[in-house]
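Quick notes on the structure that follows.
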Amino acid sequence: MHIDAKNLENNSLIEGDICIVGAGAAGISMAMEWNNTPHKVILLEGGGFKYEDEMQELYAGKSTGQHYYPMKSIRLHYFGGTTGHWAGWCAVFDEIDFKKRDWIPQSGWPITLADINPFYPRAQRYVEVDKDDFTLDHWLKKDKSFKPFPLDETKVWSKMWQFSPPTRFGEKYKDSIVNSRNVHLYTYANVVDIAADESVSAIREVTVKNLAGKQHRVRAKYFILACCSVQNARLLLASNKQAKNGLGNDHDKVGRNFMEHLEMKTSSLWVADPADINLYKMDFGKTKARAELAIGEKLQEKYKILNGTSSLTPLEIAIDRPAFIEIWQDEENALKKGIAKYDETKKQPTKLDIPKGFKAYELFTRMEQAPNPNSRITLDTEKDALGMPRAKLHWELTHLERDSLRDINRIIGQEVGRASMGRVKIYDYLQKDGDPEWPSFTGGGWHHMGTTRMSEDPKQGVTDANCKVHGIRNLYVAGASNFVTAGAVNPTLTLIALTMRLSDELKKKIKK
Ligand SMILES: Cc1cc2nc3c(=O)[nH]c(=O)nc-3n(C[C@H](O)[C@H](O)[C@H](O)COP(=O)(O)OP(=O)(O)OC[C@H]3O[C@@H](n4cnc5c(N)ncnc54)[C@H](O)[C@@H]3O)c2cc1C
């Protein structure tokens, strides 16, 4: 069922069993899990069914620290959320991502990969990569042209990625939700405040507003915030009538540890031709799966580095290619053209002096950033058109990121050399000692994580192992804001798997 909240009588009271705030990857997959159940599900979406500039403007905000994309264009504000722009790259987290690693401050989830694994197949269905699994063995059997590099796989191994069409959740799942009998989608229903009971131990209702000047209240047994990492933190911080620092923020953790994946050109790989790189090749629009070079757990521990993987692009194509952070500074361009539609295949190769008998590739490394409490979302004094304080981002990187980028490429170089395949030349910016500036092409993949991190200890995190906000019995968070560390790979598949787990947990609770 679909209701436009602009057409409701002002001050309406909406009631249901569960209330999901935000209809993006997390919110829609959650709602779909509850479709055709006896429970009344209220799905509140701030925007309508398509892009509108005045809605997007509600996301505008300032950023300080490490240079980032304009806040207005980093997420989409309408039904389907940022899946309207995402590129669909999917891979699963590694065991090490969940472990406490002594060399990474604040690492260690209260759950393990084994807790998430059972939910990946369901998550894969939502992003339409459900026919295959992510193991190298599976793909070696499936595609005989795939040959892994002859490397010691305890040191450098081939990690598989798959590519969603990419599924645009706002298109793919619109009919199921609009025609559902028990899921009630309200568009133009921006949540601007969450009200708790007197003891701040349960949520009573949320307030929604829209630009037509209407305001309504929504009551439910359970509330799930699924607005993405920046907006989840903003909403909790701004809901400060009963708790002066914001809900779930008794220990000043909401908004902290904002994490991105660094996505950087890091080195060149020179191999003797013919090198069989089919397994590692990206053929835009055609590739169903491909591998990236990943570092074994023992070496990550030995060199005290972050988890990351490197992909290969022919150097003639990659060498002059501007980084996304340089291309997508113009927010109008990014929003209207669609960030993910940037077409690399149209780029003309640069003529390079590559010696006969060799092939050269650029290694592009994507890597987790370490949790850092100073990297954070706070509230600005400036307000948006609905009267909500705007979100402010301070993105901050540390030495650990720079050292890890260098070491990942050094390890790949050593292993490629040992296997007599070729040589790796690490780019200059990673070779400098001391505290040099990060180069202008330092950027991330628009992957926002960590602002309501999980922890068993309420003093160390915002949510518990079941994504419930500590101290508030009916408030949950869905999405990558729960992530304690970022993993090496893109977050959406894992955030949907975590949402499936949360959905099952809530179904058990509501039955009781
Ligand atoms: C250019 C680009 C490429 C990307 N490529 C990849 C990729 O290849 N692989 C990958 O894994 N990830 C990728 N991502 C990241 C991916 O898009 C996000 O991880 C994912 O969309 C997050 O899902 P979400 O549901 O948490 O947030 P969103 O998808 O952003 O959804 C949040 C929803 O909440 C709504 N909302 C927000 N605030 C409120 C409020 N106060 N009240 C009511 N509703 C509200 C929004 O309108 C939106 O519909 C990419 C992102 C971008 C920008």
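Residue numbers count from 1 along this sequence. Order of listing sets the numbers, starting from 1, for every ligand and every atom in it. This one's a predicted model, so the numbers in the text were calculated from it and none came from an experiment.
- Contact annotation: the side chain of Y280 approaches that of S158 to within less than 4.5 Å [non-hydrogen atoms, C-beta and beyond].
- Ligand 1 has an N or O atom lying under 3.5 Å from an N or O atom of A25, backbone or side chain.
- Interface of V21 with ligand 1, defined as ligand atoms under 4.0 Å from a residue heavy atom, comprises 42 (N), 43 (C).
- Where the criterion is an N or O separation shorter than 3.5 Å, residue side chain and backbone included, L493 fails it with respect to ligand 1.
- Between A26 and ligand 1, a contact under 3.5 Å exists for at least one N or O pair.
- The option with the heavy atom closest to atom 27 (O) of ligand 1, from among C228, A23, A238, G170, is C228.
- Annotation: cation-pi pair K6/Y188 present, NZ/CZ under 6.0 Å from the ring centroid and within 45° of its normal.
- Side-chain atoms of T452 and N232 form no donor-acceptor pair, as typed in the model, at a separation below 3.5 Å.
- Of all atoms in ligand 1, listed by their number and element, those nearer than 4.0 Å to a heavy atom of I74 are 53 (C).
- With 3.5 Å as the limit, one finds no donor-acceptor pair spanning the side chains of Q329 and Y68.
- Contact check on D143 versus K288 returns no salt bridge, with no Lys/Arg side-chain nitrogen under 4.0 Å from an Asp/Glu carboxylate oxygen.
- Side chains of N307 and D97: a donor on one and an acceptor on the other come within 3.5 Å.
- Listed by number with element, the atoms of ligand 1 under 4.0 Å from a non-hydrogen atom of L44 are 43 (C), 44 (N).
- Both tests hold for R366 against W161: distance to the six-membered ring centre under 6.0 Å, angle to the ring axis within 45°.
- No hydrogens or angles considered: nothing links the side chains of D175 and Y173 as a donor-acceptor pair under 3.5 Å.
- Not one N or O of Q231 is nearer than 3.5 Å to an N or O of ligand 1, by distance alone.
- Around atom 32 (C) of ligand 1, the closest heavy atom drawn from G27, G22, A226 belongs to A226.
- Listed by number with element, the atoms of ligand 1 under 4.0 Å from a non-hydrogen atom of A189 are 42 (N), 43 (C).
- Looking at V191 next to ligand 1, an N or O pair under 3.5 Å apart turns up.
- A side-chain donor from one of H2 and T187 sits under 3.5 Å from a side-chain acceptor of the other.
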Problem set entry | Derivation and outcome, ring pair (Phe, Tyr, Trp, His ring centres under 6.0 Å), residues F93 and Y120 | CA-CA 10 Å; F93 271 36; Y120 272 128; 7.7 Å; no

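- In terms of N/O distances under 3.5 Å, ligand 1 is not approached by W446.
- For atom 4 (C) of ligand 1, the choice among F324, Y188, F169, W86 with the nearest heavy atom turns out to be W86.
- Atom numbering of ligand 1 starts at 1 in the shown order; those under 4.0 Å from a heavy atom of H447 are 6 (C), 12 (N), 13 (C), 14 (N), 15 (C).
- Proximity of H448 to ligand 1, defined as any heavy-atom pair under 4.0 Å, is not found for any part of the residue.
- Geometrically, ligand 1 and A87 share a nitrogen or oxygen pair separated by less than 3.5 Å.
- Using a 3.5 Å distance cut-off with no hydrogens or angles, the side chains of D132 and H138 do pair a donor with an acceptor.
- Any N or O atom pair closer than 3.5 Å counts here, and G88 shares at least one such pair with ligand 1.
- Of the candidates W161, Y59, W89, it is W89 that places a heavy atom closest to atom 9 (N) of ligand 1.
- Scanning both residues, G246 and N240, for their nearest heavy atoms gives N-CB, 3.8 Å.
- The shortest N or O to N or O distance between T492 and ligand 1 is under 3.5 Å.
- Contact annotation: for H77 versus ligand 1, heavy atoms closer than 4.0 Å belong to both the backbone and the side chain.
- The distance from ligand 1 to the heavy atoms of G24 drops below 4.0 Å at these ligand atoms: 25 (O), 29 (O), 31 (O), 33 (C), 49 (O).
- Near L76, meaning under 4.0 Å from one of its heavy atoms, ligand 1 places the atoms 46 (C), 47 (O), 48 (C).
- Figure legend: K50 and Y78 shown without cation-pi pairing, the cationic atom not lying both under 6.0 angstrom from the six-membered ring centre and within 45 degrees of its axis.
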